[in-house]
There are 2 protein chains.
Amino acid sequence: MTTPKNRVPTITEVASAAGVSRATVSRTFSRPELLTPETTERVRAVAARLGYVPNQVARALSTGRAGNIALIVPDIANPFFPPLIRAAQARADEAGYAVFLGDSDEKPEREDILLTKIAAQVDGFILASPRLDEQRVRVHAARRPLILINRDIEGLPRVLMDVDAGITQAIAHLAELGHRHIAYVSGPPASWANQQRQKAAVKAAKRLGLTLVAIPANHPTYQGGQAAVPELLRTDVTATVAFDDLVAQGIMAGLAERGVQVPRDMSIVGFDDVLAARTYPPLTTVAAHCAEAGARAVELLGEILQSGRHPTARVVIPTELVVRATTSQPRRRQAGRGKPLAAAS
Amino acid sequence: MTTPKNRVPTITEVASAAGVSRATVSRTFSRPELLTPETTERVRAVAARLGYVPNQVARALSTGRAGNIALIVPDIANPFFPPLIRAAQARADEAGYAVFLGDSDEKPEREDILLTKIAAQVDGFILASPRLDEQRVRVHAARRPLILINRDIEGLPRVLMDVDAGITQAIAHLAELGHRHIAYVSGPPASWANQQRQKAAVKAAKRLGLTLVAIPANHPTYQGGQAAVPELLRTDVTATVAFDDLVAQGIMAGLAERGVQVPRDMSIVGFDDVLAARTYPPLTTVAAHCAEAGARAVELLGEILQSGRHPTARVVIPTELVVRATTSQPRRRQAGRGKPLAAAS
DNA sequence: TTGTATGCGTTATCAT
DNA sequence: ATGATAACGCATACAA
């Protein structure tokens, strides 16, 4: 009824139907304070009857403001991102922005392409855990407001996790339980997040007099964690801190396959807290509050877009250890590691 | 170097720099076959030097084609969607489309708003598991090409899962193991997907002479599944088919809390296969191939946009049972349920 | 308070 | 094969 044909009416049709100029219709939707309440109301009524909706494309071309933001992530399917995306989306929505989602598939060059391709369609970018090199990031940031998540580049607005606090708590927790030898199973070496976490782990371990070995997981995935288990078992560690929850989960699976019990034979600590209590046993992990990170990034971007200013804010989100059930005291005899079940008898 | 200032050059600047008309520059990027190879190359060179990128907004306004598609989902954080989104995103990218992501937060009215707000900026929609009522969906579909995922509305192009096949296999599998009383823990009653699955379960159970009780999980989440457990234990079922993997996982957690062992005391079957083997024990589930659904939906939309035709395709993606470790024969004595541990002694 | 006229960057129509 | 020019739908100086 409201829309006789498939086409949505334009501002011109509303104007003539309401007996006003196009400018008045425009103002009705963009700057109603310039109009008499009566006019606005009348125009609104006509517009509603006709099913008129301001054309955002035309608006964008005219004003230079797209009303959109872009969120670019390395892998949507990584459980770290959905909560972040969800929260960002919700905040953007409140602020009246629609969001483009880009998945770079962990490839820096894909990030670069996405960034340039949609630049004209968005007012700003949020780059989550970008793999792109610093120089390129700066180039893009020079064109449009750009917020970084999980990457600390001087001079750019960014939202970070307080990795140090969480990791320190985790290592202290393990030390308190009596662990002396622990492993850090790392994520992508090129990842800033990984470097931060590894560095923090090394520092905390040193301070507490623990030995820490780093074991690479080629990919920050379940499979990556699983694949790291053989090398993990070649060491004599009694506890493992994983790059993230996904890797931790993979490690747990790999251990289970080999009959190594968690936490009896090996304590595990994850990072991110995105699996909640959804592992078995429920995972002890460092909560990174990724949803909050997403929300804060959008807020930051919104402020920049509103003010036109360019504050190089550096938001740090606190992290903290959440102790669940994958950590406990090490077994008495740590000697015969490598064949833990045999050693137990 | 390539970009002296923050602003990207317009077609006019490229034109004058290359000593050609704006039309020629335009053709260089949209219809190069109309130009001499020499001209295209020359213009391209100048454009590259200046850092020119065609402005998609202006393009959209001029052509009516936005070069974008919208993907709307009820909840990004539901593990069913990330693989779907990821696959859709990848396909869209190949076809040169950027994608808007909308999260309706399971609210029909939010879907409605998103749909109308973004309409002008996209060439078509993909609506995954829409909660919106059929009439409204049709209204939107009349304006722009719209593909449905997980919703069967006559006359609209849609991508569905062959729920019947998977559920039938699941029930048959349980029957074969010796289960006689099974439960279906349902998802959102308003959800078409839930109705399909429940219907299929009822039908399959009847055919095999099993009794099936339906137990509601208010929300299709981990918590929802967990909350359904008390009611589940009040019945005398020995096996449960859950609305989806998330609910199944919640049920497993709820059972574990109460000392009910899976699969010894209760067999569990999920749906979707999005948790892979990431539960403990690894979940027996119906694989729904949601990534493929996302990809197919984009392909379908692409075809429609290319051809301008409006084929009301109905793509059905096969599903099949994946047996892992949460299903086994029922315990001998089923009498004293409700306090399964006591009964065991 | 409202109307008039111009421009946003591009494509498409019509010439040449 | 290329150039001139009018849309596309809207916002906004400027005028009234």
Side-chain angles (χ1 to χ4, degrees), chain A residues 7-44 46-47 50-68 96 116-123 143-144, chain B residues 7-44 46-47 50-68 96 116-123 143-144:
Chain A
R7 212 176 51 79
V8 298
T10 73
I11 207 171
T12 311
E13 309 175 45
V14 177
S16 67
V20 297
S21 73
R22 296 182 310 172
T24 300
V25 179
S26 173
R27 290 182 183 117
T28 302
F29 290 93
S30 46
R31 311 203 53 186
E33 69 275 13
L34 295 180
L35 267 37
T36 348
E38 292 81 50
T39 9
T40 23
E41 191 165 348
R42 189 159 43 87
V43 175
R44 272 189 190 285
V46 175
L50 265 45
Y52 170 77
V53 178
N55 184 320
Q56 190 61 34
V57 173
R59 242 182 195 177
L61 185 59
S62 179
T63 62
R65 278 162 278 136
N68 303 322
T116 64
K117 248 190 60 176
I118 48 181
Q121 300 197 69
V122 302
D123 297 329
R143 295 196 210 286
R144 296 238 181 278
Chain B
R7 210 177 53 79
V8 297
T10 73
I11 206 171
T12 310
E13 309 177 45
V14 177
S16 68
V20 296
S21 72
R22 295 182 308 171
T24 299
V25 179
S26 172
R27 289 181 184 118
T28 302
F29 291 94
S30 46
R31 310 201 55 187
E33 68 276 13
L34 296 180
L35 265 40
T36 346
E38 291 80 51
T39 3
T40 24
E41 191 165 348
R42 188 160 43 90
V43 175
R44 272 190 191 285
V46 175
L50 265 48
Y52 170 76
V53 178
N55 184 319
Q56 192 61 33
V57 174
R59 241 181 196 177
L61 185 59
S62 179
T63 62
R65 277 163 280 135
N68 304 322
T116 65
K117 247 190 59 176
I118 314 191
Q121 299 197 69
V122 302
D123 298 329
R143 295 194 211 286
R144 296 238 183 277

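So that the names make sense, note that chain A is the first sequence line, chain B the second, and so on, each numbered from 1.
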Can you tell me the distance, in whole Å, between the [atom1] atom of [X] and the [atom2] atom of [N]?
X	N	atom1	atom2	value
B:Leu34	D:dT2	CG	P	10 Å
A:Arg31	D:dA13	CZ	C1'	12 Å
A:Arg22	D:dA11	CZ	C1'	10 Å
A:Asn55	D:dA7	CG	C1'	14 Å
B:Arg27	D:dT2	CZ	P	9 Å
A:Leu61	D:dC10	CG	P	12 Å
A:Arg42	C:dT1	CZ	P	15 Å

Want to settle it: does B:Ala23 or B:Glu33 sit nearer the 5' end of DNA chain D, counting the closest nucleotide to each? B:Glu33
How do A:Thr63 and B:Thr24 order along DNA chain D: which one's closest nucleotide is nearer the 5' end? B:Thr24
Would you indicate, yes or no, if [N] has its OP1 or OP2 atom less than 4.0 angstrom from a side-chain nitrogen or oxygen of [X]?
X	N	result
A:Arg65	D:dT12	yes
A:Thr10	D:dG9	no
A:Ser62	D:dA11	no
A:Thr39	C:dT2	yes

CZ of A:Arg42 to OG1 of A:Thr36, rounded to nearest 0.5 Å, is 8.5 Å
Can you say whether a donor on the side chain of A:Arg59 sits under 3.5 Å from an acceptor on the base of D:dT12, or the other way round?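 Side chain to base: no pair below 3.5 Å.
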When all nucleic acid strands are considered with a 4.0 Å heavy-atom cut-off, which category describes [X]: base, sugar-phosphate, or nothing?
X	answer
B:Val20	sugar-phosphate
B:Tyr52	sugar-phosphate
B:Ser26	base

How far apart are the C-alpha atoms of B:Val25 and B:Val20, what are their side-chain angles, what is the distance that settles it, and do they pass the side-chain contact (heavy atoms from CB on, under 4.5 Å) test? CA-CA 7 Å; B:Val25 179; B:Val20 296; 3.8 Å; yes
On the ring face of B:Phe29, is B:Arg59 found with NZ or CZ under 6.0 Å from the centre and within 45° of the axis?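 Output no; distance or angle outside limits.
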A:Arg144 versus A:Asp123: any side-chain heavy-atom pair under 4.5 Å?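 Not in contact.
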Side-chain contact, heavy-atom cut-off 4.5 Å: A:Tyr52 with A:Ile11?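 A:Tyr52 vs A:Ile11: side chains touch.
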